[in-house]
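To keep things clear, I will list the structure first and then write my remarks on it.
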2 protein chains.
Amino acid sequence: MTARRVPEASVARLPLYLRVLVDLAEEGAQTVSSQALAESAGVNPAKVRKDLSYLGSYGTRGVGYDVEFLVGQISRELGLSQEWATCIVGLGNLGLALAHYGGFAERGFHLAALLDDDPAKVGTTVAGVEVSHVEETERLVKEHDIAIGVIAVPGPAAQGVADRLCDGGVSSILNFAPVVLQVPDGVSLRKVDLSVELQILAFYEQRRAADAVVDSAARTGLADVLDHAPPQ
Amino acid sequence: MTARRVPEASVARLPLYLRVLVDLAEEGAQTVSSQALAESAGVNPAKVRKDLSYLGSYGTRGVGYDVEFLVGQISRELGLSQEWATCIVGLGNLGLALAHYGGFAERGFHLAALLDDDPAKVGTTVAGVEVSHVEETERLVKEHDIAIGVIAVPGPAAQGVADRLCDGGVSSILNFAPVVLQVPDGVSLRKVDLSVELQILAFYEQRRAADAVVDSAARTGLADVLDHAPPQ
DNA sequence: AGCTGTGAAAAAGTTCACAGCA
DNA sequence: TGCTGTGAACTTTTTCACAGCT
């Protein structure tokens, strides 16, 4: 029985499982248990089973899941059995890193266009693709039927680029610029933000430090005094 | 009343609020309502109020939040009032992009070391920091008391780098390599993965496409037939 | 005996809606 | 009047625990 509507949290883990499974297949594994898959993916086995159950009943009780079959099912579910045309706007170090990134071409993501506003870069070839001027964005998105646009420009330029991508007709945007973008309904937006990630880590760093102080205070009977003291 | 234990989901939004607030402060705004803050951050106003209430009762009824004060409180809560020593391992395009990224130095994150395994890169200076050989990782982490390590090496090298960082004594790792890392308890780990993000977007792209087919089928009375048809 | 698939319980996160203060 | 702070309702996600195949 194929269940429709995979929960968002599960969707976000499917690519992870897929990566582990591909590795297992390369190592020649025939089957894998939810336990083993969970270990490699760094999650709980029950979660793996639940997640996979949303795709269908693809396991065999007492045995596990057929690795190759599961790779196929997850790929299909993620829409990786078809080609997606993508483009990258902004060819600074980050844009270059993304353009050269192997995993890009790897799973059905085809780099159809590269865009930058620097005349010195326009016309050059990066990763086998000629760089166009950012003003060509709408035209190229339409022309190549680009579904996913990747934004790797500085913050202040990002909203303008997003507008161009949406006008052109992309339906997904992956944003690396450190700003909150507004996009029309119906366009998926995901964000990757280095400085947000660092700040989240800093929070837990500091919490650990604070806890350590409270802990040692507790051991020496000073817990009450320090309970509301500022961290560090 | 200062509430302890800010929920994880709230922590992840604090850096976002902080960014918006810093912008507002630069524009000269004195106060901001949860409504306005929510709009700029792209979330629901009730969520903003809940999130901020975990830090304390810093708002004024009928008025809103004092922008400057809130910047201070969130910064303190995120541990940004102190300096965090960081290092980047791997100076390919991605590592270079990260090293040059402004937001890095911006909020108390200090680049204490850069590491690479390419002898041609060792000894050069990037972003004002001399590049050391990756074998120096443990020593440099100890020496500079580095708390946060950023991994920007190819997948196969990542676990080895993570081990070095942990041996050296970092307590947080930000991983850009497309692999699941194993780290000791007590080390925070966050992951940024381009190909995972693209795959998540592809899922929703495909779902939209499938829904469109079903919708048009529904309009023409074919819903039952197509309900379980393969997408596209 | 082993491992999946899944109801049911628990936990976490979100949103509502309104009392309460400025 | 206007906007915060927060219980309470609701939704989503995670985890448990075990029935049911192989």
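Being a predicted model, the structure only gives us computed values, none of them experimental. A, B, ... follow the sequence lines: proteins, then strands. Residue 1 opens every chain.
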Just checking, is any N or O donor in the side chain of [X] or [Y] under 3.5 Å from an acceptor N or O on the other one?
| X | Y | answer |
| --- | --- | --- |
| B:S195 | A:R19 | yes |
| A:R190 | A:S172 | no |
| A:Q206 | B:Q82 | yes |

Please state whether the phosphate of [N], meaning OP1 or OP2, lies under 4.0 angstrom from any side-chain nitrogen or oxygen of [X].
| X | N | value |
| --- | --- | --- |
| A:K50 | D:dT15 | no |
| B:Y54 | C:dG13 | no |
| A:Y65 | C:dG5 | yes |
| B:N44 | C:dG13 | no |
| A:R13 | D:dT14 | yes |
| A:S34 | C:dT4 | yes |

message = In this structure, is the centre-to-centre distance between the rings of A:Y58 and A:F69 below 6.0 Å?
response = yes
request  = Identify which nucleotide among C:dT6, D:dT14, D:dT4 has an atom closest to any side-chain atom of B:S33, counting heavy atoms from C-beta outward.
outcome  = D:dT4
ask   = Any donor-acceptor pair under 3.5 Å between the side chain of B:R61 and the base of D:dG2?
value = no
request  = Could you check whether A:E8 gets within reach of a base, just the sugar-phosphate, or nothing at all, counting any heavy atom under 4.0 Å?
outcome  = sugar-phosphate
